[in-house]
Amino acid sequence: GCSPASDSGESADATDTAVEVAGVAITVDNAARAALPQKYSDAGSVKVATDVPYAPFEMFESEGSDVITGVDYDLGQAIGAKLGIDFDFEQQKFDGIIPALQAGKVQVAISAMTSSVDRMDVLTFVDYSASGTGILVEKGNPAGIETYLDLCGQKLAVQSGASQIDLVAVWQDECSSAGKGAIALSEYPKDSDAQLAITSGKVIASVLTKPSAGFVAKTANDGNTFEVIDDPAAPTGYDSTLNGIGVLNADAALADAIQLALQSLMDDGTYMTILEAYGVEGIAIEAATINAAKS
Amino acid sequence: MTKLMVEAVDVHKRFGSLEVLKGINLTVEQGQVACLLGPSGSGKSTFLRCINHLEKIEAGTIRVAGDTVGYAERGGRLHELRETEVAAQRRRVGMVFQRFNLFPHMTALENVAEAPVQVLGRSKSDTRRRALELLDEVGLSNKADVYPSALSGGQQQRVAIARALAMEPELMLFDEPTSALDPELVGEVLDVMRRLAESGMTMIVVTHEIGFAREVGDVAVFMDDGVIVETGDPQEVLVDPSEERTQSFLSKVL
Amino acid sequence: MTKLMVEAVDVHKRFGSLEVLKGINLTVEQGQVACLLGPSGSGKSTFLRCINHLEKIEAGTIRVAGDTVGYAERGGRLHELRETEVAAQRRRVGMVFQRFNLFPHMTALENVAEAPVQVLGRSKSDTRRRALELLDEVGLSNKADVYPSALSGGQQQRVAIARALAMEPELMLFDEPTSALDPELVGEVLDVMRRLAESGMTMIVVTHEIGFAREVGDVAVFMDDGVIVETGDPQEVLVDPSEERTQSFLSKVL
Amino acid sequence: MTATQQPVATPSAGTRLAGRSRPAPVQAVPLRHPGRWFAAIIVALFTTSLLLSIAQNPNLDWPTVGEYLFAPLTLSGLATTLYLTVAAMVIGLSGGIVVAVMRLSPNPVLRVVSGLFVWVFRGTPVLLQLIFWGFIGAFVPKLVIGIPFTSIEFWSVSTSDIIPATVAALLALGLNEMAYASEIVRAGIQSVDLGQTEAAHSLGMSPGKTLRRIVLPQAMRVIVPPMGNEVITMLKTTALVSVIAGHDLMSNLQAAYAQNYKIIPLLVVAAIWYLVLTSVLNVPQMWLERRYGRGVAGARVGAVGWLLRLRKKESQ
Amino acid sequence: MTATQQPVATPSAGTRLAGRSRPAPVQAVPLRHPGRWFAAIIVALFTTSLLLSIAQNPNLDWPTVGEYLFAPLTLSGLATTLYLTVAAMVIGLSGGIVVAVMRLSPNPVLRVVSGLFVWVFRGTPVLLQLIFWGFIGAFVPKLVIGIPFTSIEFWSVSTSDIIPATVAALLALGLNEMAYASEIVRAGIQSVDLGQTEAAHSLGMSPGKTLRRIVLPQAMRVIVPPMGNEVITMLKTTALVSVIAGHDLMSNLQAAYAQNYKIIPLLVVAAIWYLVLTSVLNVPQMWLERRYGRGVAGARVGAVGWLLRLRKKESQ
Ligand SMILES: Nc1ncnc2c1ncn2[C@@H]1O[C@H](COP(=O)(O)OP(=O)(O)OP(=O)(O)O)[C@@H](O)[C@H]1O
Ligand SMILES: Nc1ncnc2c1ncn2[C@@H]1O[C@H](COP(=O)(O)OP(=O)(O)OP(=O)(O)O)[C@@H](O)[C@H]1O
Ligand SMILES: [Mg+2]
Ligand SMILES: [Mg+2]
């Protein structure tokens, strides 16, 4: 359960009240608040864009409702509480997130975005978690996949534009040097389409971030359709990358404030509490950084 | 009684490089019936269309009931009229086409009632009553609710006449009103036109019905190749024409 | 020489509840010209269309050159023909419509050459030559490359005749071929038809041109209200009709 | 050559008693179409077994279809879809008529402007148009009334504030549809005989009246079927507005299946509703086609040659 | 009433020398349209300053636009888009003609089958149709030749194997387009005068020949503009095939911006290419409209009443 910061009010001073997220009462961190640009503390809120649903990072509380929940949402609320302002989440389809930032309709994007050097042309990222790639297969693992090298010579699905595409390219090389067949990779616009490809027998597995894979396996058809391969060699998934909270490069000062707030949440343990509430401790990182991704 | 209804002075009209009217001069007094004759392509239809400003003339002047067609004289100069002003001028002139051009999506009654309601803003019920009277006058009171596609050619042409009359025009133009009709049906249309002429309507009629022209016409005009070759009393022009071209044409038509 | 070209026996045709042909009997020998006359709505066009199987008859038989129109007699029974077989039958019959119905997207030459190439599979160059000859015969060799919209009515009708002749039919049907024409232009079309008749073509002509019927026709047929009222030598039927209905009709038309 | 005098049917018998004493009707073996029926049976069998096989397929999951068919998220999505479609089509058709008339105008300014309009709005992706109107602040930060090319401003406003998302969605869909509709209307207007316009003019009707009362009603016959296409396309295009907020039928269901992975059943729910809407739409379309088909085309419909009957019988 | 004998223009002067000794032409103050010009200037100013403001906007990021305009992923996407569009339109138009003719047929079987076809394929979302054909294995696991309703099978094959993704995409787009095109073709056929069919029949042309040589060419005038719409819509609909794999222009660019977040510049790249394709398409469309407009409509174009000129001048 979580209750959003509901009564921080318009006044910038009314920040003493604690906000409860994931059962933890959070109060304002003065250092972080001091770093917050004047216009945001004056406004008392920022708007946050998120592309729902992408479980378990963001999803609707129940189907058909428009109450958002998830790891990202809770972290956002907690950061807001540290800064003494509201983080108002708005549902925004992916194609509109950047335009919405550029149009000034929202100021922050928290949408399980993978931080990358490419994307830093557009956004500044406050890194808040890391997740690697998991392999989703049909329940019972009929093809007997144990590690990614077992995918050589098989048909594999991926969401188009996902970072997993580059990873699979690396695997291809390993397959050929190991003398195995190549991976036949098909791209689909959404993860859900890739999963449909598994059930219709077009592919034997799909690759996606491991937290999502776990969530799909757990929830789809009450856990009876899919399972995730657990490779002991890579418990958080292959090729972990950082996830970031994005703001426009022109708004870097806001990123600094968010970084301080997040670090404060890490320091006082709230961060881990929130991750644990969704069973994704595996994605935790040591310290809040800005644009730490190297590729 | 000698009010001039139509005055055409040195009217010229060309389509691209083809000069179709080469200086037409004609006057028609109020109440007169002028019959236009001439071979195909001589410019009869074009001249009629110029009177109604469906074609714009290049030189000369046409006046209908004293007003210059398509222009307003203000401060000694001619000013082109805008579309709506031209439309207002056209209200005083009724036109009947060779191919009828009834509105196919309206019944006979609606065809007749359309313009008075839409253009003159008459009330629907009044117009309806008047339209029924007009249909009765052309002998079609029983066809009021029939669509044009279900009418014979002669019936369609009579509806077209009623439609033009519904606007209470001061001048009626007829462009070969009977030439697309079966010979049997010609009579009924000519009858309507004859009665109209007797009621004092000013009319310009392009026709090849020599009998009608001689009987009803006050003046016969023979055109050829864009000019008026001969004008005069129909009894003279059509019985004993002075011009050779008129003679040869009449010998073919009769 | 007395081969029967058209034999209609007790032909009945109705449109919904309206009986339009009420038992028509008529024979036309090879080389004869039959002229059909009668008031509007008497069923002349419908009968002509039945001969060409553009309408399906409800009772009776029509034979063209011995073959039952629209049916094949096999094993003593009539079998309905399929579309392509009907199309084959129609090749032997040419038809000319009151409204010309030229193909507007083709030049005069293309109109004439279309069917021989498409239907008979003739070579393009041969057909083109033959089409030019035909256009020449109807006096239009100089209009070969002109679209119908640029032709006068009489010219269009002459192209329509050339188009029908290009299929080398054994029988020609004309449905009021001159009634949509200016009087001046009627002559040129009738001339073409007269020459065609002289060349020995069997023809059925619906017409109100009494002069033509008397001069060219071998037999005149007067229809009224779906039945044939009077048949016979045109000189008799059209000059001194025995039936009262024929008399009253002729008095109106003449 | 002499006339062959046939025994002429006595008028009385044929005429007076017509319909009573019918002569023997043509007794013929009707034309059979074995191939046609064979094909029909094959098609029917194939379709049935395909449908059966599909219906029985566990992936279809009928219980889920039933559960979502009237779920609140479906119904509210349906309402949005309907509202957006109706509003966008009203804007599109009325604007499309104006644009079509401008394109056919003799005035070069109007012609160029409308030509450019159609070019741009048909030629660019709807997604971009939606993003443009939805996030216009990203393109034009503020609207200024001032002297162009100088820095003098009398009044200015931030664009993000003045266009709310729903207005943006309607603007985008409506303007896009205008461009498409204008081409259809243009084809319709061009199909009406010129004589109609002349007749209306000679009755003193103004160009506007002529268009509204005479030309457009006759153009409708040609306009209605492709506009039916447009409405159905629009029904589905509304799904794109989800990028700037607004939850139509398809995006609601997509959001649901992104969460529960019941893709096929939920798409079937969408299909069922679209089919219902399309069928409902058929009613006004057929009414319009009948209404505006009236009085046009040959009243004469031959009995032979099935192409002859390639048009509906007129009801006079 | 007596005839007013006007001095008759001597034929010689008027006729022979026509065009040389021109009389004084009508000297009139031409009609001014101040409102029209004012509006044009306002529109031009507004558009220019809007375009300028957009062009200078940093969010547009012209260097990125330039970089991606001819990038390999753009060009290969373009090729796929073009290929899919052309192939789907060919299937759609040719099939659409068949369906339209079936819908207008007097044969009830054909009419019902084609009606159902149009209903289903226009009425269901393209996305579902794409998913159906692309993942047919999920709906119909195997294709069986056998006796229906029994378990006797002569031959069977897994459907996932026989329909590769590109075929599935073409099937889906082509069948969908067929349904839309058939409505447009139907409107076109119905606009052709019945007399044309009769004339063709009486020349002994078969129904098929009549359709191909006489009816369709005349229907083209009405068919071409809305089919232009369809082609442009198809250009963009191809983006949906990304759901069953296949990389058209739009999905390639979307994949790219999913990677680098340069959404607006990449959408502008898409817009530029679509505009180019649309402009190129205009050439055959105008050619077709001219070609099939030939000989039709009044050769008579009045000089007055601009509605009179609502159609292009014929070139005879
Ligand atoms: N809109 C136009 N464009 C070009 N030429 C035209 C146009 N209208 C008429 N013409 C030409 O002008 C000439 C005169 O035509 P008009 O219709 O006035 O003759 P007409 O005397 O009415 O002949 P008809 O008895 O055949 O109706 C003809 O050569 C015709 O082809
Ligand atoms: N397709 C049709 N449906 C219904 N009624 C029709 C049809 N075709 C013709 N008729 C009717 O059949 C009757 C005979 O028509 P037809 O055209 O054969 O007469 P006609 O003798 O040729 O007359 P006209 O001299 O006017 O051409 C008319 O009453 C007409 O209205
Ligand atoms: Mg004329
Ligand atoms: Mg007739």
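Quick note: numbers below take in every heavy atom, side chains included, and nothing from hydrogens, waters or symmetry partners. Just so it is clear: chains get the letters A, B, ... in the order the sequence lines come, proteins before strands, and each one is counted from 1.
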Relative to chain D, which segment of [X] carries a heavy atom at a distance below 4.5 Å: side chain, backbone, both, or neither?
X	answer
V222(E)	both
Q196(E)	neither
I54(E)	both

Shorter than 4.5 Å, heavy atoms on both sides: which option in [options] has the most such pairs with chain D?
options	answer
V112(E), V113(E), I263(E), I264(E)	I264(E)
T124(E), V118(E), I184(E)	T124(E)
A179(E), A55(E), P226(E)	P226(E)
A271(E), A270(E), P58(E)	A271(E)

Quiz item: Between the side chain of N59(E) and the main-chain N/O of F139(D), is any donor-acceptor distance below 3.5 Å?
Solution: no
Quiz item: Does any N or O in the side chain of K236(E) come within less than 3.5 Å of the main-chain N or O of L127(D), such that one atom is a donor and the other an acceptor?
Solution: no
Which atom of [X] lies closest to which atom of [Y], heavy atoms considered:
X	Y	result
M250(D)	P125(E)	CE-CB, 4.1 Å
V120(D)	L275(E)	CA-CD2, 4.0 Å
N229(E)	Y180(D)	ND2-O, 2.8 Å

Quiz item: Can you name the ring pair (Phe, Tyr, Trp, His ring centres under 6.0 Å) partners of Y274(D), sequence neighbours left out?
Solution: none
Quiz item: Distance from N176(D) atom CG to T233(E) atom OG1, nearest 0.5 Å?
Solution: 8.5 Å
Can you say whether [X] sits under 4.5 Å from chain E via the side chain, the backbone, both, or neither, judging by heavy atoms?
X	result
S279(D)	both
I131(D)	side chain
Q218(D)	neither
Q129(D)	neither

Quiz item: Distance only, no hydrogens: is a donor on one side chain within 3.5 Å (strictly under) of an acceptor on the other, for W119(D) and T278(E)?
Solution: no
Practice problem: Kindly write out the residues that satisfy salt bridge (Lys or Arg N to Asp or Glu O under 4.0 Å) with E183(D), not counting sequence neighbours, or none if the list is empty. | Solution: R103(D), R186(D)
Practice problem: Under 4.5 Å, counting heavy-atom pairs only, tell me which of A239(D), G188(D), G228(D), P225(D) racks up the most with chain E. | Solution: P225(D)
